[in-house]
6 protein chains.
Amino acid sequence: MKTVALYAGSFDPITLGHLDIIERATKLFDSIIVTVAVNHRKEALFSGDERIHLIKESIKPYPWADNVSVEKFEGLLVDFAKKRNATALIRGARRVSDFEYEFQMALTNRRLAPNIDTVFLMPDEKYTFTSATIVREIAAWKGELESFVPKNVVAALRKKYAGK
Amino acid sequence: MKTVALYAGSFDPITLGHLDIIERATKLFDSIIVTVAVNHRKEALFSGDERIHLIKESIKPYPWADNVSVEKFEGLLVDFAKKRNATALIRGARRVSDFEYEFQMALTNRRLAPNIDTVFLMPDEKYTFTSATIVREIAAWKGELESFVPKNVVAALRKKYAGK
Amino acid sequence: MKTVALYAGSFDPITLGHLDIIERATKLFDSIIVTVAVNHRKEALFSGDERIHLIKESIKPYPWADNVSVEKFEGLLVDFAKKRNATALIRGARRVSDFEYEFQMALTNRRLAPNIDTVFLMPDEKYTFTSATIVREIAAWKGELESFVPKNVVAALRKKYAGK
Amino acid sequence: MKTVALYAGSFDPITLGHLDIIERATKLFDSIIVTVAVNHRKEALFSGDERIHLIKESIKPYPWADNVSVEKFEGLLVDFAKKRNATALIRGARRVSDFEYEFQMALTNRRLAPNIDTVFLMPDEKYTFTSATIVREIAAWKGELESFVPKNVVAALRKKYAGK
Amino acid sequence: MKTVALYAGSFDPITLGHLDIIERATKLFDSIIVTVAVNHRKEALFSGDERIHLIKESIKPYPWADNVSVEKFEGLLVDFAKKRNATALIRGARRVSDFEYEFQMALTNRRLAPNIDTVFLMPDEKYTFTSATIVREIAAWKGELESFVPKNVVAALRKKYAGK
Amino acid sequence: MKTVALYAGSFDPITLGHLDIIERATKLFDSIIVTVAVNHRKEALFSGDERIHLIKESIKPYPWADNVSVEKFEGLLVDFAKKRNATALIRGARRVSDFEYEFQMALTNRRLAPNIDTVFLMPDEKYTFTSATIVREIAAWKGELESFVPKNVVAALRKKYAGK
């Protein structure tokens, strides 16, 4: 049995919590596709291509990097998952309150694609409260970023907010 | 990569919701060990051996039955998981309120065995509210059981409560 | 359309929060049956008959008392509801955390009796945190009871714990 | 006792979950007013009149349709409820996380109109995770809609998103 | 030991629930700084200066007013807290669902400033469901405001919405 | 202003999470009374005196130990708090699901003693999922205990379960 799993999100930008989930997923599935959801109706800090670049840079140093690919997509996630023959959608289960929304999406996706299951993994507890939204807020006010995002992302955030 | 996953619980008795999780797990992992936790300090309706027998009977008709084994254990789950070279612990994610307890157990297990990860799967929504506790309560009052447990378990419950 | 609603609980003892729900229910339904669940396997502070007596005494002063009857039952609630031709089961929705258990019971009951619906009402917010369990604890330590239960119940609790 | 209940929402558009709640409400109350909240400050997919039309079309086939009327309103819900002599506000209790917001609205409404109570009903569990927001998202990406909304709404959504 | 605590929020406008928390905080800490977060990227009903004025007016009648100062700030809260030598950040713990967001902010702040702790206080239960958002909504539709905000704020809201 | 705070619990046994809360509390209050609730109706692993001894041993090495006393009590917590002139009850806010019970107790205590407020503090996130119940379970099965409880408690647990 060869298993392909999708890990989708907006990754604006990728955090240490996301990286932790990707590493855990590589131990359970043969191949992981990190899927950057771009939505032309929502404003983002980094463009889709910038986000893909930051993810690729972040995972490069790891031994499991070869089993991970990074792709951009816009549309219904299950349509993309079917095209890639994915058997699972990975979600990071950080907090209890995330779950009702996560359950809603997971059950909606299951109705649209009954053969693809959503799998919840837990990041290390030190990343429980890390979110890209808070990271952007801290960056905007020049706060300490090193314990929330990889080093290359710290640099990218510093540059993005340099003139503001 | 060959993956072994443990699905532990008290299964007193196995429900249609448990069966649904087992089936989903067989699509993601090469081998599933359904692990019946027996606790000599807690009273149970069915003995450990009866519970194992009911699970084996319930899964026998399914094409994926060959990838599933059923075992009894008492002690710390992670110790048993290490002995069986399991890479994952499967938990059914039925309800949001389950999660805080589940997170607590998952993080405790991770601290005791960092290489084994807990994976949450969602049963079909029609099993969201099925629990062994409620099943026993309905059985005690001779209520309808067919939409909650497999047929062999209906029979076993009827027999158990026949004289009461 | 004539509507009969059941309001079931253990009422060990009835609190001001329960009374508040009963009053609200009388404005929505033609007839309310307060249903005292007795369970010979669970220990209770007051006997089933004592609890019925305390409820009857508590509601007597109210103008809506004539539309409310009080009955004891043991078994599956939906079986009793069918016998009484009830169209609704009333539940007090006090706190968010109650809801998952309440949903589970409501959906189980619906599966057993599809024509009887569970209706959730909210007590006055000053009763949000009143529970019979806490009332018994306060009574055991001779604490102030007047803001939690009706006067006749204060007296009954004082008597119950007098010698202890 | 003749009871009038309001079931308010934005219904943008009506879903099968909404329909399920309306049907349940007709068994408990003599008359139901489905109340379409329009808010000129919020963008909607369908206009207030379109939403009313879709609701009327959706309920027409049902035997209980005669006890249900559909109205548009803008302002404070309790003011509208008083004008219509409503005794209850109906809310669908889909998920636990909805409840804190629902409780807040219900208690605020009670303070503004103490004689009108909020009543929570549960939709069939297969509609637990259906929301108008997700329906619009699926429609935008041409996904399957038939298991989420009535047929006339499927057609209206297809037309709305045809050129996009 | 002399203790300084910050109570930060947008206070758009201050409610009776906020006032209740401030009063409780004055009994636990020597000095309270009510900190009005202004965010030039978010639209507010009242300007930062108007909000400060309304808070100062609201607390003036109380005996503990001398231990409370009111300040405006923009940026990272912990930076402001360090400048003021605050030992604690006060948060009103109104509802369970607030907590996950609150925990996330509290843990993020702790990582940025390990010596400043977040302290949660509970308002009187009659303010559990009062929020500035709902207050603005009621004001917009000319509803009753007296049980939600201090008298001076009622007047300010009436004036603000007079011409709308 | 001199402040006395009570930190009550069963501490069966004290964990690193409890210690973390005690240390945080010493920075906010002049004097802390760790209050060991003994309940002769509930079975405990360690006796009241053993629990007090373990707490005293655990805090002795810390510079703030002089501001902390340890006492045993049975009864209503607010009665004990009044006798000790406490101004605050400290609670560790570990998890969202704890909160509804915590709120219930806090509001009940406030009604019984309006001048004593409950204050919630957060332990370090690495102790979020540590509980005395799980510690006892791990000890019973001879699991690793060092990352959950102080060293003296590890030894006491090992001894307690040595012959079992």
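Each chain gets a letter, A, B and so on, in the order the sequences are listed, and its residues count up from 1. Model, not experiment: these values are computed from the prediction.
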Here the gap from F/Asp79 atom CG to C/Lys142 atom NZ, rounded to the nearest 0.5 Å, amounts to 12.0 Å
CD of C/Glu137 to CG of F/Asn39, rounded to nearest 0.5 Å, is 6.5 Å
Ordered numerically, the heavy-atom neighbours of chain F under 4.5 Å found in residues 147-156 of chain C are C/Ser147, C/Phe148
Smallest heavy-atom separation, C/Ile138 atom then F/Leu76 atom, equals CA-CD2, 4.1 Å
The reported gap from CZ in F/Arg111 to CD1 in C/Ile134 (rounded to nearest 0.5 angstrom) is 10.5 Å
- request: Evaluate whether atom CD of F/Glu43 has more than 12 neighbouring non-hydrogen atoms of other residues, nucleotides or ligands under 6.0 angstrom away.
  value: no
Atom NZ of F/Lys2 with >12 non-hydrogen neighbours under 6.0 angstrom: yes
